[in-house]
Amino acid sequence: MSDTDRFISPAADSFDERTVASRPPSLDGARIGLVDSMLNPGALWGQGILDGIERSIGSRVPNATFERVDRSPFAGGLGPDGWAEAMKDRYSALVAAVGD
């Protein structure tokens, strides 16, 4: 994926242009948060996806550390932007598994 790629819901009536989050120059020594935000976390689909991501990145960046992060798709309070802002000083990167 390039910095020019964007994801837009095919069901959206409209959308706001957003700036792509900054990327670290390297994941060497990074703390990476793995977020299972699937609608049915009990099915373990999200955990399986995140296990694969951890294996893939971990094999290429052995100095990276991984931490599972709780974030329900129904989480209120901060909302997605506020939550991401709260996580930015804790993690170098976040990978989220989302879906149903």
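This chain uses plain numbering: 1 for the first residue, then up along the sequence. Values reported hereafter were calculated over all heavy atoms of this structure, with side chains retained and with hydrogens, waters and symmetry mates removed.
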Any side-chain heavy-atom pair of Val95 and Leu50 under 4.5 Å: yes
Side-chain touch Ile32/Leu27, heavy atoms, less than 4.5 angstrom: yes
Short side-chain to backbone donor-acceptor contact, Asp28 and Ala30, under 3.5 Å: no
Nearest atoms (heavy-atom pairs only) where Asp36 meets Gly46: OD1-CA, 3.7 Å
Any residue meeting side-chain contact (heavy atoms from CB on, under 4.5 Å) with Val98, in chain and number order, not counting sequence neighbours: Ser37, Ala96
Separation between CG of Leu34 and OH of Tyr91, rounded to the nearest 0.5 Å: 9.0 Å
Would you mind writing out the side-chain donor-acceptor pairs for residues 54-62 within the sub-3.5 Å range, not counting sequence neighbours?
{"from": "Glu54", "atom 1": "OE1", "to": "Arg68", "atom 2": "NH2", "distance (Å)": "3.1"}
{"from": "Ser56", "atom 1": "OG", "to": "Arg60", "atom 2": "NH2", "distance (Å)": "3.2"}
{"from": "Ser59", "atom 1": "OG", "to": "Arg55", "atom 2": "O", "distance (Å)": "3.3"}
{"from": "Ser59", "atom 1": "OG", "to": "Ser56", "atom 2": "O", "distance (Å)": "3.0"}
{"from": "Arg60", "atom 1": "NE", "to": "Ser56", "atom 2": "O", "distance (Å)": "3.2"}

Side-chain donor/acceptor pairs under 3.5 Å, residues 82-90, sequence neighbours excluded:
{"from": "Glu85", "atom 1": "OE2", "to": "Lys88", "atom 2": "NZ", "distance (Å)": "2.9"}
{"from": "Arg90", "atom 1": "NH2", "to": "Glu67", "atom 2": "OE2", "distance (Å)": "2.9"}

